[in-house]
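Shown next, in structure tokens, is the structure this report addresses.
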Number of protein chains: 2
Amino acid sequence: MTDPTDRLPPLNALRAFEAAARRLSFTQAADELNVTPGAISQQIRQLEDYAGTPLFKRTGRSVLLTDAAQASLPLVREAFERISEAGRIMQAPARKGRVMVSCAPSFAAKWLAPKLGEFHRTHDGVEAWISADMGLTDFAMADADFTIRYGRGQYDGLKSEKLLDETVLPVCSPALLEGPDAIKRPEDLRHHTLLHDESGENDPSCPDWTSWLHARHVEDVDGTRGPRFNQAILVIESAAAGRGVALAKQAIAAADLASGRLVAPFADGSTLIDFGYWLVWPKGRHLSPDVRAFMKWVKAEAANTAVVGV
Amino acid sequence: MTDPTDRLPPLNALRAFEAAARRLSFTQAADELNVTPGAISQQIRQLEDYAGTPLFKRTGRSVLLTDAAQASLPLVREAFERISEAGRIMQAPARKGRVMVSCAPSFAAKWLAPKLGEFHRTHDGVEAWISADMGLTDFAMADADFTIRYGRGQYDGLKSEKLLDETVLPVCSPALLEGPDAIKRPEDLRHHTLLHDESGENDPSCPDWTSWLHARHVEDVDGTRGPRFNQAILVIESAAAGRGVALAKQAIAAADLASGRLVAPFADGSTLIDFGYWLVWPKGRHLSPDVRAFMKWVKAEAANTAVVGV
DNA sequence: ACTCTTGTTTAGTATTGCTGATGAATTAAA
DNA sequence: TTTAATTCATCAGCAATACTAAACAAGAGT
């Protein structure tokens, strides 16, 4: 009875059911599972035969859940969550000594990757695999032990822990501080190209050039002109190349500021924003000792840079 | 990540794994799943390929769980419990108006079945399916909404509720109360066949003829002679046929005592025993309104007979 | 050493699952 | 209203998976 000897529903059909129920679409479910819609249709029908009752109301265009489906779905979901987690645990011995992190691309390149050597030095026998993923689709996460995300830290069924705050400030190549158009005060920006970082677009607290200039009562500089980039690292690299002045994320720029490849022309230019960097992982996930060690190390590094950097 | 898009382990292989892990035997797992041991072996190997690590330590004779298996097993179990329950819920609409009860055979025949007409009369549109099962294997339970078990009411992962106490007392055909060997006192039993019920064998509190006679200081009657039956109902029917005097379970004999087909020759003959009848069902199980109604009715009936019967 | 039990392996077979084409039903646009 | 697009259903054929049967290997018990 509690025993799986029970006439269990066909397991693979349950996968199709779960996907179709989540998406409310056979086509999308098919897409997700990399099969044709026909396959989904057949699997669902098989499950309906088992149930003895329909699970979806077919309304021509889209598809709705019946009560039976509605009622059983949460349990099916929980079951798959556990199976997924069980799978990871089984694989744990094979993954020993390996920490896999999915990370926002710019942060991975400019903050995390440069520090990895240090981690490897202090944690012998543990290697870190970094995967720079944009969308942070479930898929990208699938193989990672945890992710580092840029955002507000509130995620659906996930646990998260603040890693680092982010601030925004103007940066440019040191070359721009010299010569006839040397940047001394905000007004001097009128002679230079403004580089725009649109990667923080959905953060209302993140200033763009227009609002930054406005806050400093600089009226005669058009804050809208200049090229736009959808990745923080692109703005940084453009600025470092001397292309212009970027309103850049501190965490991403920090290494280049420290090395002198970039400079911050204004003393009071930086603004703390709402978004930050977060360690994120699924709620029920078992974190191995190696993973915990890596997390601890990252947090320590973050605490360091937070003091030194700003 | 929480998403089943994760590279899930092969689901059918998980079933084999769960069974093999529970039994610590591929052969028994094969038996349970109605396949050959070879099939189990292959499924396990497939899962080990997925895990990248062995799940069993093969020690020639038997098999042991590795750490990876040990660690993931609880989650796999929980997953299957949920899947099993989800399956039932899916089937609920198809089962509407039907309550399936698995019941100890004698109790089913002599106590439950005769009262079912009354239930059907008062609960229109709900039909009860009774399955009389001995072993109460998980398999028998598989399709039942709940079971009625005879025992002490303590079951592994199951919930239970006391239905009825049981008492044991001598009964016989009314014919034996007449004639030259009429039974008036315990001593008179010497002239009659003693019928033995061995169905309560593993209940130490349940008296047999020897202990019953001993308690009444009847020394010259051999309590060991006479036929033995492994089912309460067989003893009752033998007694009703005039074969002899049975030390019978009250609940099973009650209807025949009420109708006069059986009589209790001694006023003080009955002994309350530890075992009783219990409603039992799996912990996480969702009980439908129909099932709840049936349970309520059975308990009411039990409360009735408890008063009238003893 | 012999036997019994249990897991493994392999080739062949059965079952299950998927595709790709076609059809029907519904919605949205022309 | 027609037309086009989208979505699910169905079916025959093919592919992948799961299972069997039989022969093998390796303890454990006699």
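So you know, we letter chains A, B, ... as the sequences are listed, proteins then strands, and number each from 1.
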Exercise. When the distance from CG of N34(B) to C1' of dC19(D) is rounded to whole Å, what number comes out?
Worked result: 12 Å
Exercise. Any salt bridge between K283(A) and E78(A), counting N to O under 4.0 Å?
Worked result: no
For this session: Salt-bridge test for D143(A) and R7(B): reply yes if a basic N is under 4.0 Å from a carboxylate O, no otherwise.
Result: no
Exercise. Does H286(A) offer a backbone N or O that forms a donor-acceptor pair with the side chain of E85(A) under 3.5 Å?
Worked result: yes
For this session: For the pair E32(B) and R22(B), find out whether any cationic side-chain nitrogen is under 4.0 Å from an anionic carboxylate oxygen.
Result: yes
Seminar exercise, completed: Nearest heavy-atom approach of P93(A) to T53(B) is CB-OG1, 3.8 Å
Return the polar atom pairs (N/O with N/O) between nucleotides 4-7 of chain D and the protein under 3.5 Å, or none.
unit_1, atom_1, unit_2, atom_2, d
dT7(D), O3', R61(A), O, 3.1

Problem set entry | Outermost DNA chain C nucleotides near chain A [under 4.0 Å, heavy atoms] | dG17(C) to dT27(C)
For this session: Compute whether any side-chain donor of one residue and acceptor of the other, for D133(A) and S102(A), lie under 3.5 angstrom apart.
Result: yes
Problem set entry | Length of the line joining L24(A):CG and dC8(D):C1', which is rounded to integer Å | 14 Å
Exercise. Residues from residues 41-52 of chain A sitting under 4.0 Å of DNA chain D, heavy atoms only?
Worked result: S41(A), Q42(A), R45(A)
For this session: Could you say whether R58(B) or A39(A) is positioned toward the 5' end of DNA chain C, judged by the nucleotide with the nearest heavy atom to each?
Result: R58(B)
Exercise. Between the main-chain N or O of Y50(A) and the side-chain N or O of Q91(B), is there a donor-acceptor pair closer than 3.5 Å?
Worked result: yes
For this session: Answer yes or no: is there a donor N or O on one side and an acceptor on the other, between the side chain of R98(A) and the main chain of V126(A), under 3.5 Å?
Result: no
Exercise. Would the F107(B) and Y150(B) ring centres measure less than 6.0 Å apart?
Worked result: no
Exercise. Aromatic rings F17(A) and F56(A): how do their planes relate, parallel, tilted or perpendicular, breaks at 30° and 60°?
Worked result: perpendicular
For this session: Mind calculating the distance between CZ (R23(A)) and P (dC8(D)) to the nearest angstrom?
Result: 13 Å
